[in-house]
Structure formats: structure tokens, C-alpha cells
**Q** 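Please find one structure pasted underneath; my questions will follow.
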Protein chains: 2
Amino acid sequence: MSHIPAGIRQTQKEKTRQALLDAALGLLEGQSLSSLGLREVTRAVGIAPTAFYRHFRSTADLGVALVEEALGSLHEMIGTTLAATGDSDERITRAVDLIADHVRTHAPHVRFIARERHGGVEPVRTAIGEQLDRFAEEVAVELAKHPEAKGWSEDDVLMLARLYVDHMVMTACAFLEAEPGTEERVADLARRQMRLVSLGRRHWLD
Amino acid sequence: MSHIPAGIRQTQKEKTRQALLDAALGLLEGQSLSSLGLREVTRAVGIAPTAFYRHFRSTADLGVALVEEALGSLHEMIGTTLAATGDSDERITRAVDLIADHVRTHAPHVRFIARERHGGVEPVRTAIGEQLDRFAEEVAVELAKHPEAKGWSEDDVLMLARLYVDHMVMTACAFLEAEPGTEERVADLARRQMRLVSLGRRHWLD
DNA sequence: AGTTTCGGTGAACGCCTGTTCACTGACTAA
DNA sequence: TTAGTCAGTGAACAGGCGTTCACCGAAACT
């Protein structure tokens with residue numbers, strides 16, 4: 001008997017909710033959230049359309065939940081990656097490999113974020129923007145710890161952090177759209193771009 | 001009597017076609033192309049739904065036409081901007097101002113491109129991707145002309161060009177989402193990021 | 001054991017959609 | 001002047017949509 005109830009009822013509800021999220025994510029591989037129908041999702045799960053309302057107020061609400069699922073778990077990953085040791089090139093290689101891996105294992109999630117970041121559903125756009133802002137702040141904190149950040153203004157650190165985060169998103173999108181077999185070309189491009197940025201970083205205070 | 005006929009008929013058809021594009025662009029401020037209905041567009045123009053087919057095969061077809069309208073005219077602008085004289089900082093300032101201006105005067109077009117670049121309609125995604133590829137190549141040609149490109153491999157020039165183009169798109173999106181009054185902060189961030197990239201560029205061959 | 005809670009149901013509401021078809025009537029070309 | 005072209009029409013079809021409501025039955029609480 002656990003302290004948290006987690007009865008049969010709550011468990012089933014969570015399972016159905018997850019099924020709805022999974023089904024929606026699948027359907028969203030080929031369309032945008034603003035054209036995703038509630039009936040479409042419930043049909044894919046095998047429940048009545050009305051049951052949808054027991055879990056989400058609307059498809060926009062479901063979208064926000066998907067943002068959480070797609071990006072919520074990435075915060076700690078970013079922290080540990082940046083805190084890792086190694087010289088600049090090693091860290092760049094590791095970062096790009098990590099992005100490639102993540103896109104490979106979570107393609108639908110990444111596609112959803114790329115699509116809805118500037119998509120037609122305002123609450124979802126906002127949710128993604130907030131998550132990316134958080135990423136940038138977290139990256140900034142890690143960058144500030146590094147000895148290379150000595151003499152940098154707080155604003156300039158954040159500027160660099162945003163550049164890294166946006167480049168990360170850009171790279172993820174490039175992997176997503178890469179024809180099978182051309183991923184290494186994308187990775188090589190991303191690494192060289194990051195190397196150039198790192199070079200600029202080292203000479204920022206000249 | 002012009003050599004090109006351009007009779008009353010053809011003129012009217014072109015006018016209606018443009019009205020359809022304009023109406024669609026307006027409707028697309030609040031939704032994605034994949035959820036845009038053909039009836040919705042014709043209703044906004046004030047013609048029968050069936051008349052839509054006289055101009056476009058589908059809404060995807062209309063989307064591709066919108067890509068042409070939004071990006072087709074930008075090629076020469078990019079060329080002249082990069083060919084302009086001035087030191088690095090002046091050129092950066094001018095480029096960012098140009099982006100800000102363009103977003104101000106063509107917000108719906110920019111929003112459409114941002115939204116559909118990774119949107120749910122494949123032909124439109126492809127059309128945007130092709131235009132951005134062309135931009136990158138054109139930027140690469142201009143960069144190669146510059147004395148700073150001495151000793152650079154062709155591949156590295158293209159790498160830098162892609163970074164500039166993607167940063168341009170990123171900046172345009174940032175202007176789009178900037179709260180009124182915060183545009184100068186966005187511009188300042190973009191300029192510093194470009195300055196850092198330019199710094200990396202200068203030390204690439206060290 | 002009795003009562004309440006609540007995830008899921010199925011019918012029904014009014015409205016929307018893309019596409020077809022035969023059609024009209026102003027412009028065009030002979 | 002006559003014949004043809006063709007942008008735009010309006011009705012009809014067969015479906016889709018989001019949302020409402022009263023209802024069921026098993027789990028949860030007392």
C-alpha cells in the first residue's frame with residue numbers, strides 16, 4: 001500500500017491519456033496541430049469522441065501537454081552535456097552526436113516541436129518559446145561557470161547561449177529533413193558551424 | 001496595343017488570383033496551411049467555391065504560389081546588400097535593419113514562411129527549402145568574392161553562408177514574435193551574434 | 001453495505017468541408 | 001457576325017467536424 005494511491009482507476013486514466021498523446025503525435029507526423037481533429041485522435045485510440053474531454057479541454061491543450069513531453073525531459077540532459085569535460089572539439093562532437101541520437105530516437109517529438117514552434121496555435125507556440133527560453137538560461141549558467149567566460153557581461157553570455165540553443169534546434173531540424181544516408185553531412189556541417197562560433201567566442205574580448 | 005495581349009479577361013483572372021492569394025495570406029495569420037479550407041478562402045474573396053479550381057489545383061498549390069510571392073523577390077535584395085561596401089559592423093547593422101524593415105512591411109509573408117518551413121504540407125516545405133538553398137548559394141557566391149575568403153575551401157564558404165541565412169531567418173522570426181517596443185533588443189541581440197560569427201570567420205584559418 | 005465518484009458511451013445538434021456537374025454570359029477570335 | 005472560349009455560378013452529394021446531454025457501471029470512499 002503506497003502512500004500515493006494510484007488506484008486502478010487513476011492508472012487506467014493515465015494510460016488512456018498517454019494513448020491519446022501517442023496517437024496525436026503519430027497523426028501529427030503528417031499535419032499541423034491546427035488541423036488535427038479531436039475525433040481523429042479518439043478514433044485512433046479506439047474510444048468515443050466525448051471521452052477526449054475527460055483528459056483535455058481541447059486539441060490546443062493536448063498540444064501543450066505534448067510540448068511538456070517533448071522538451072520537459074531535456075533540461076537535465078543539456079546540463080550534463082555542457083558540464084562534461086574535454087576540449088572544445090570533443091565537446092562539439094559529443095553535442096552534435098547527442099542531437100543526432102535524440103532526433104533518431106524521438107523523431108516525432110522533434111518534428112512536432114519544429115512544426116509548432118511557429119505554428120498556428122498560440123498557447124503551444126508560447127509553451128515552446130518558454131521552454132527554449134529556459135534552455136537558453138540554463139546554457140548561460142553553464143557557460144558562465146566556464147573559465148572562458150571570464151570578463152564577459154551577463155548579457156553577452158546569454159547572447160551566446162541563445163545562439164547555441166537556436167543552432168541546436170536548427171541542427172535538429174536539419175537531421176529531421178536529411179535524406180537517409182546524408183546524416184553525416186549534416187553532422188559535419190553542424191560541427192564546423194559550432195567550431196566557427198567557438199572561435200568567435202574565444203576572440204570576443206580581443 | 002501591346003505585344004503581350006493582356007486582354008480584359010486575362011487581367012481579371014490575374015486580379016482574382018491575387019485576391020485569393022491575399023485572402024489566404026490574411027487567413028494564414030491565425031492558422032496553418034494544412035487547416036486552411038478552400039471554401040474559407042473563396043468566401044473571403046466573395047466568389048463561389050468552385051471558382052477556386054480555375055486558379056489552383058488545391059490549397060497546397062496555392063501555398064507554393066505564396067512561397068514564390070514571399071521569397072521570390074528577395075534574391076536580388078540579398079545580392080545587393082552583401083555586395084555593399086563598408087566595414088564589418090556597418091554591414092551587420094545594415095543587414096539587421098533590412099531584416100527588421102522587411103518584417104515590418106511584409107509581416108504576413110514572413111509569418112507564412114516561418115510557419116510552413118516545417119509545416120504539414122510537403123510541397124510547400126520543399127518549395128521553401130529550395131528557396132533557402134538558393135539564398136545560401138547566392139550568399140556563398142558573394143562571400144567568395146570578398147578578400148576575407150582567401151584560402152577558404154568552397155565547402156567552408158557554403159557552411160558560413162548557411163549559417164548566415166539560417167541566422168537571418170531566425171532573426172526574422174524573432175522580430176515577428178517580439179512584443180511591440182522590444183524590437184531594438186532583438187536587433188541588438190542579432191547584431192552581437194552576427195559580430196561573434198564574423199569574429200569566428202576572421203580566425204577560421206588560424 | 002450503501003453511496004458517491006467519474007471515465008467512457010452513443011445519439012443527436014447544427015454546421016462545415018472538398019468535389020462533381022451542367023450551366024451562364026461576357027470576352028475573344030475568325 | 002458568328003462561333004468558341006472560359007471565369008465564375010449554384011445546387012447537390014456524401015461525408016466530416018466540435019460540442020451537448022443523459023446515461024452506464026465499475027472503482028472508490030464511508
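Naming convention: chains lettered A, B, ... in sequence-line order (proteins, then strands); numbering from 1 in each chain. Because the structure is a prediction, the values reported are computed rather than measured.
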**Q** Please give, in whole Å, the distance from C:dG7 P to A:K13 NZ?
**A**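 My rounded result for the distance is 4 Å.
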**Q** Assign a letter to each nucleotide of nucleotides 11-18 of chain D from its 5' end: B, base within under 4.0 Å of a protein heavy atom; S, sugar-phosphate only; -, no contact.
**A** -B----SB
**Q** So which one's nearest nucleotide on DNA chain C is more toward 5', B:I8 or B:S58?
**A** B:S58
**Q** Rounded to the Å, how far apart are B:Q12 CD and C:dG25 P?
**A**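 So the CD-P distance, B:Q12 to C:dG25, works out to 18 Å.
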**Q** Nearest to the side chain of B:R9 - C:dG8, C:dG25, C:dT5?
**A**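 The answer is C:dG25.
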**Q** Report the distance from atom CD1 of B:I47 to atom P of D:dC6, rounded to the nearest whole Å.
**A** 18 Å
**Q** Rounded to the nearest angstrom, tell me the gap between atom CD in A:Q10 and atom P in C:dG7.
**A** 9 Å
**Q** Indicate yes or no: does A:R134 engage A:E138 in a salt bridge with an N to O separation below 4.0 Å.
**A**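 Salt bridge flag = yes for A:E138 with A:R134.
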**Q** Would you tell me if any nitrogen or oxygen in the side chain of A:T16 comes within less than 4.0 Å of OP1 or OP2 on C:dG8?
**A** yes
**Q** Take atom CZ of A:R54 and atom C1' of D:dA22, then tell me their distance rounded to the nearest Å.
**A**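 Atom CZ in A:R54 sits about 11 Å away from atom C1' in D:dA22.
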**Q** Please determine which of A:L143, A:L82, A:I78 meets the side chain to side chain contact (heavy atoms under 4.5 Å, CB included) test together with A:Y164.
**A** A:L143
**Q** Once you round it to whole Å, what is the distance between C1' of D:dC6 and NZ of B:K15?
**A**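 For the pair B:K15 NZ and D:dC6 C1', the rounded distance is 18 Å.
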**Q** Charged N to carboxylate O below 4.0 Å: is that the case for B:D61 and B:R17?
**A** no
**Q** Apply the side chain to side chain contact (heavy atoms under 4.5 Å, CB included) test between A:L98 and each candidate in A:T80, A:T93, A:T81, A:V103; give the one that qualifies.
**A**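 When side chain to side chain contact (heavy atoms under 4.5 Å, CB included) is applied between A:L98 and each of A:T80, A:T93, A:T81, A:V103, only A:T81 qualifies.
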**Q** Using 4.0 Å as the upper bound for N to carboxylate O, is an ion pair formed by B:R104 and B:D101?
**A** yes
**Q** Around atom CZ of A:R202, are there more than 12 heavy atoms from other residues, nucleotides or ligands closer than 6.0 Å?
**A** yes
**Q** Could you state the CD-P distance from B:E14 to D:dC6, rounded to the nearest angstrom?
**A** 15 Å
**Q** Is B:E76 atom CD crowded by more than 12 heavy atoms from other residues, nucleotides or ligands, each under 6.0 Å away?
**A**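 Counting other residues, nucleotides and ligands, CD of B:E76 stays at 12 neighbours or fewer.
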**Q** What's the CG-P distance between B:L62 and C:dG18, to the nearest Å?
**A**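 Rounding to the nearest Å, CG of B:L62 and P of C:dG18 are 12 Å apart.
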